[in-house]
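Working notes for the structure below.
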2 protein chains.
Amino acid sequence: MTRRQEIIKSAKTLFRERGYKSVSMRDLAKAMDFKAASLYNHISSKEEILAEIAMDVAHYFTREMELVRSIDINTRTRLEAVISHHIDLTVTNPEAIAIVNNDWMHLEGNNFEEFLKLRNAYEQDLRDIINKGVESGELKSKNTEVILFSTLSTLRTLHLWYRKRSGVNGQQLKNDITEILLNGILTKA
Amino acid sequence: MTRRQEIIKSAKTLFRERGYKSVSMRDLAKAMDFKAASLYNHISSKEEILAEIAMDVAHYFTREMELVRSIDINTRTRLEAVISHHIDLTVTNPEAIAIVNNDWMHLEGNNFEEFLKLRNAYEQDLRDIINKGVESGELKSKNTEVILFSTLSTLRTLHLWYRKRSGVNGQQLKNDITEILLNGILTKA
DNA sequence: GTCTATACACGGATAGAC
DNA sequence: GTCTATCCGTGTATAGAC
């Protein structure tokens with residue numbers, strides 16, 4: 001692991017705990033047992049660290065969505081795949097997801113624009129999947145946006161809940177979340 | 001409206017747009033067309049503004065939950081009431097909800113503790129409602145925590161989506177969200 | 001009740017010695 | 001590649017004139 005990677009790893013922990021804006025370069029350096037000035041031999045700015053974390057996440061989701069789009073399957077299976085890749089990243093990299101959720105607004109210039117483009121494209125792809133499911137009769141014809149929003153809200157904030165009770169089996173979690181998102185929480189009357 | 005209330009109103013807009021930590025007292029003063037020093041005739045610190053915003057929200061939810069608990073109704077109706085009061089506050093005070101979600105961690109000392117106490121109590125009350133519904137057979141015996149988390153995630157982040165398309169009818173929104181949370185997004189086979 | 005002036009800590013970042 | 005020293009802007013907050 002390079003020094004640069006170590007810095008980003010430490011930053012993930014601190015940014016996640018206290019928020020990007022509240023963590024100073026001196027804090028970050030102290031956590032790694034050296035001085036703030038030394039960080040600049042490995043990274044060129046604080047925002048560059050945030051950008052690397054955010055872009056990794058954005059590219060992961062873009063890549064996974066490409067996969068979901070490229071295969072000819074029904075809507076239910078597509079949604080299961082979407083749920084699955086969200087949960088995979090939540091389990092392997094919860095800090096990054098948290099940071100992206102809370103602090104992507106602090107990306108600057110080109111990073112901000114590029115990130116937002118990928119994020120919007122992802123949402124549009126998911127919207128398309130849902131719309132197709134509504135057309136085919138697989139999904140309720142309720143407001144598409146409500147379905148999109150409630151699904152993404154749950155998946156994007158799963159990290160909050162997962163941290164509190166980690167050790168939960170990944171596959172079991174996928175099954176439970178899929179069931180609840182697709183079929184709701186009520187027992188069938 | 002007192003000066004103090006005007007300050008808090010302006011702060012809600014700015015904190016919501018850029019995050020509590022990124023808004024300086026100078027920024028806030030500029031938005032109100034006076035100088036930072038003058039703010040301190042009406043409030044005693046920046047954190048006091050955050051605390052007032054957060055406590056208002058916490059007390060609102062505590063009050064509403066008391067109401068839900070005090071009436072003897074079935075689980076479905078209780079959950080509908082919970083959804084309803086979340087949506088009401090989202091419609092009337094979306095900035096406050098956003099700020100509480102993102103920045104409650106920046107509350108200090110006693111404010112932090114008091115807020116967290118109320119928040120945890122609220123979650124416990126909702127957990128009790130869900131557990132009771134599982135026992136009575138009204139809710140699926142899937143993991144209670146998954147039900148709790150997916151419901152709260154959706155309700156707490158509704159403000160993000162509501163802002164983009166405000167003007168949506170409140171009652172229609174309640175109906176759609178209730179339907180999707182309780183019965184899921186799939187059509188019945 | 002608002003202003004100017006200012007205190008003083010802390011922010012990101014750089015220069016240059018080692 | 002890490003250090004010390006430092007630059008300089010910005011942060012919250014206060015003092016005291018008006």
Side-chain angles (χ1 to χ4, degrees), chain A residues 1-55 95 99-100 102-113 115, chain B residues 1-55 99-100 102-112 115:
Chain A
M1 202 180 214
T2 65
R3 233 343 65 133
R4 184 189 165 88
Q5 288 172 316
E6 285 173 0
I7 291 170
I8 289 170
K9 189 180 172 189
S10 278
K12 275 186 192 173
T13 304
L14 294 181
F15 290 173
R16 148 82 226 213
E17 279 170 357
R18 288 148 50 191
Y20 172 72
K21 281 284 180 182
S22 299
V23 175
S24 71
M25 295 302 271
R26 288 172 172 87
D27 292 335
L28 181 52
K30 188 174 282 179
M32 305 196 62
D33 260 315
F34 48 78
K35 301 295 174 184
S38 309
L39 295 171
Y40 290 89
N41 279 305
H42 307 284
I43 50 105
S44 69
S45 72
K46 185 186 175 188
E47 194 256 356
E48 188 185 83
I49 300 174
L50 179 64
E52 179 153 331
I53 294 168
M55 284 311 184
E95 296 88 359
I99 293 162
V100 167
N102 299 328
D103 291 318
W104 66 267
M105 54 152 66
H106 298 120
L107 291 168
E108 291 163 27
N110 214 48
N111 291 329
F112 180 89
E113 278 164 35
F115 175 85
Chain B
M1 204 181 211
T2 66
R3 246 316 90 123
R4 185 189 165 88
Q5 288 172 317
E6 286 172 0
I7 291 170
I8 289 170
K9 188 180 172 188
S10 277
K12 275 186 193 173
T13 304
L14 293 181
F15 290 174
R16 147 84 226 213
E17 280 170 358
R18 290 148 49 192
Y20 172 73
K21 280 285 180 183
S22 299
V23 175
S24 71
M25 295 302 271
R26 294 193 231 269
D27 292 334
L28 180 52
K30 188 175 281 179
M32 305 196 62
D33 259 317
F34 48 77
K35 302 294 174 183
S38 309
L39 296 171
Y40 290 89
N41 279 306
H42 307 283
I43 50 104
S44 69
S45 72
K46 184 186 177 189
E47 195 256 356
E48 188 186 83
I49 300 174
L50 179 64
E52 179 153 332
I53 294 168
M55 284 311 179
I99 293 163
V100 167
N102 299 328
D103 291 318
W104 68 267
M105 52 152 65
H106 298 120
L107 291 168
E108 291 164 27
N110 212 48
N111 291 329
F112 181 90
F115 175 85

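In what follows, every chain begins at residue 1, and chains take the letters A, B, ... in the order their sequences are listed.
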>> Rounded to whole Å, how long is the line connecting atom CG of B:Leu14 with atom P of D:dG11?
In response: 13 Å
> Of the nucleotides D:dA15, C:dA13, C:dG1, which has the atom closest to the A:Ser45 side chain?
Replying inline: C:dA13
>> Keeping B:Glu48 on the side-chain end and B:Ser45 on the backbone end, is there a donor-acceptor pair under 3.5 Å?
In response: no
> Tell me: CD1 of A:Ile7 to P of C:dA13, nearest whole Å?
Replying inline: 13 Å
> Is there a donor and acceptor pair, one atom on the side chain of B:Arg26 and one on the base of D:dT10, closer than 3.5 Å?
Replying inline: no
> Quick one: B:His42 NE2 to D:dT14 P, roughly how many Å, whole number?
Replying inline: 15 Å
> Taking NZ from A:Lys35 and C1' from C:dG16, how many angstroms apart are they, rounded to a whole number?
Replying inline: 18 Å
>> I want to check one thing: is the phosphate of D:dC3, taken as OP1 and OP2, less than 4.0 Å away from some side-chain N or O of A:Ser38?
In response: yes
>> Can you measure B:Leu39 atom CG to D:dT14 atom P for me and round it to whole angstrom units?
In response: 12 Å
> Going by the angle between their ring planes, with limits at 30° and 60°, are B:Phe15 and B:Tyr20 parallel, tilted or perpendicular?
Replying inline: perpendicular
> B:Glu52 side chain to B:Ile8 main-chain N or O, any donor-acceptor pair under 3.5 Å?
Replying inline: no
> Any donor-acceptor pair under 3.5 Å joining the side chain of A:Arg3 to the base of D:dG1?
Replying inline: no
> Between atom CD in B:Glu108 and atom C1' in D:dG11, what is the gap in whole Å?
Replying inline: 13 Å
> What is the distance, rounded to the nearest whole Å, between atom NZ of A:Lys21 and atom P of C:dG12?
Replying inline: 9 Å
>> Using whole Å, what does the distance between atom C1' of nucleotide C:dA13 and atom CD1 of A:Ile49 come to?
In response: 13 Å
>> For A:Ala37 and A:Asp27, find the nucleotide of DNA chain C closest to each by heavy atoms; which residue's nucleotide sits nearer the 5' end?
In response: A:Asp27
>> If you assign each of A:Ser22 and A:Ala36 to its closest nucleotide in DNA chain C, which residue comes earlier from the 5' end?
In response: A:Ser22
>> For a quick test of reading the model: is some side-chain N or O of A:Tyr40 closer than 4.0 Å to OP1 or OP2 of C:dT14?
In response: no
>> Counting only side-chain nitrogens and oxygens, does A:Lys46 get under 4.0 Å of the OP1 or OP2 atom of C:dG12?
In response: yes
>> For the backbone of B:Ala36 and the side chain of B:Arg26, can you confirm whether one donor and one acceptor N or O come within less than 3.5 Å of each other?
In response: no
>> So that I can tick it off, tell me whether A:Glu6 and A:Lys9 are bridged by a salt bridge, with the cut-off set at under 4.0 angstrom between side-chain N and carboxylate O.
In response: no
